[in-house]
Amino acid sequence: MSTYDQIEIEDMTFDLETRMFSYPCPCGDRFQVYIDDMFDGENIAVCPSCSLMIEVIFEKEDLQEYYEEAGAQPPEPIAVAA
């Protein structure tokens, strides 16, 4: 999968209400990815208006400060029966 660019998490905007990171897309819209998806290992932010995607550079530990800022906790793992 090819991406348009690689962006550091610090360069993205975090919305406390939606718990979503965003970054301006060249098409005029914004790349978006939810913090919970990032916590689960997703590192691709997608633009809802065009086909471009960016790779978000971050460490899982980086997300804790954003969860605290939003007054939330990371999602709990879901137990799966074998």
Checklist entry - Can you tell me how far CD of Glu55 sits from CG of Asn43, rounded to the nearest 0.5 angstrom? => result 5.0 Å
Next on the checklist: Let me check something: do Phe39 and Leu16 share a hydrophobic cluster, defined by ILVMFWY side-chain heavy atoms less than 4.5 Å apart, either directly or through other members?
Outcome noted: yes
Item to check | side-chain contact (heavy atoms from CB on, under 4.5 Å) between Tyr23 and Ile54, intermediate numbers included | outcome: CA-CA 9 Å; Tyr23 189 80; Ile54 56 171; 4.0 Å; yes
Item to check | Within 6.0 angstrom of Glu10 CD, more than 12 heavy atoms from elsewhere | outcome: yes
Item to check | Under the side chain to side chain donor-acceptor pair (under 3.5 Å) test, residues paired with Ser49 that sit two or more places apart | outcome: Asp29
Checklist entry - Does Asp36 have any side chain to side chain donor-acceptor pair (under 3.5 Å) partners at least two apart in sequence or in another chain, and if so, which? => result Tyr67
Checklist entry - Which ILVMFWY residues are connected to Tyr34, directly or by a chain of links, through side-chain heavy atoms under 4.5 Å apart? => result Met20
Checklist entry - Going only through I, L, V, M, F, W and Y residues with side-chain contacts under 4.5 Å, is there a path from Met12 to Leu63? => result yes
Item to check | Closest heavy-atom pair and its distance - Pro74, Gln64 | outcome: CG-OE1, 3.7 Å
Checklist entry - Can you hop from Phe21 to Leu52 via hydrophobic side chains spaced under 4.5 Å? => result yes
Next on the checklist: I need the Gln32 CD to Asp15 CG distance, nearest 0.5 Å.
Outcome noted: 9.5 Å
Checklist entry - Around atom CZ of Phe58, are there more than 12 heavy atoms of other residues, nucleotides or ligands at under 6.0 Å? => result yes
Checklist outcome for this item: CD1 of Ile7 to OG of Ser22, rounded to nearest 0.5 Å, is 12.0 Å
Item to check | Gap between atom CD1 of Ile35 and atom OG1 of Thr18 - 0.5 Å precision | outcome: 10.5 Å
Checklist outcome for this item: Here the pair of heavy atoms bringing Cys47 nearest to Phe31 is N-CD2, 3.7 Å
Checklist entry - If you group Ile, Leu, Val, Met, Phe, Trp and Tyr by side-chain heavy-atom gaps below 4.5 Å, do Ile44 and Phe14 land in one group? => result no
Next on the checklist: Distance check, rounded to the nearest 0.5 Å: Ile57 atom CD1 versus Asp5 atom CG?
Outcome noted: 9.5 Å
Checklist entry - When you look at Glu42 and Val33, which way does the side-chain contact (heavy atoms from CB on, under 4.5 Å) test go after all the steps? => result CA-CA 8 Å; Glu42 180 64 60; Val33 63; 4.2 Å; yes
Next on the checklist: Test side-chain contact (heavy atoms from CB on, under 4.5 Å) on Ile9 and Met38; report intermediate values, then the result.
Outcome noted: CA-CA 10 Å; Ile9 191 172; Met38 294 173 72; 3.8 Å; yes
Checklist entry - Got Arg30 and Cys25 here, is their nearest side-chain heavy-atom distance under 4.5 Å? => result no
Checklist entry - Which atom pair, heavy atoms only, marks the closest approach of Val56 to Ala45? => result CG2-CB, 4.0 Å
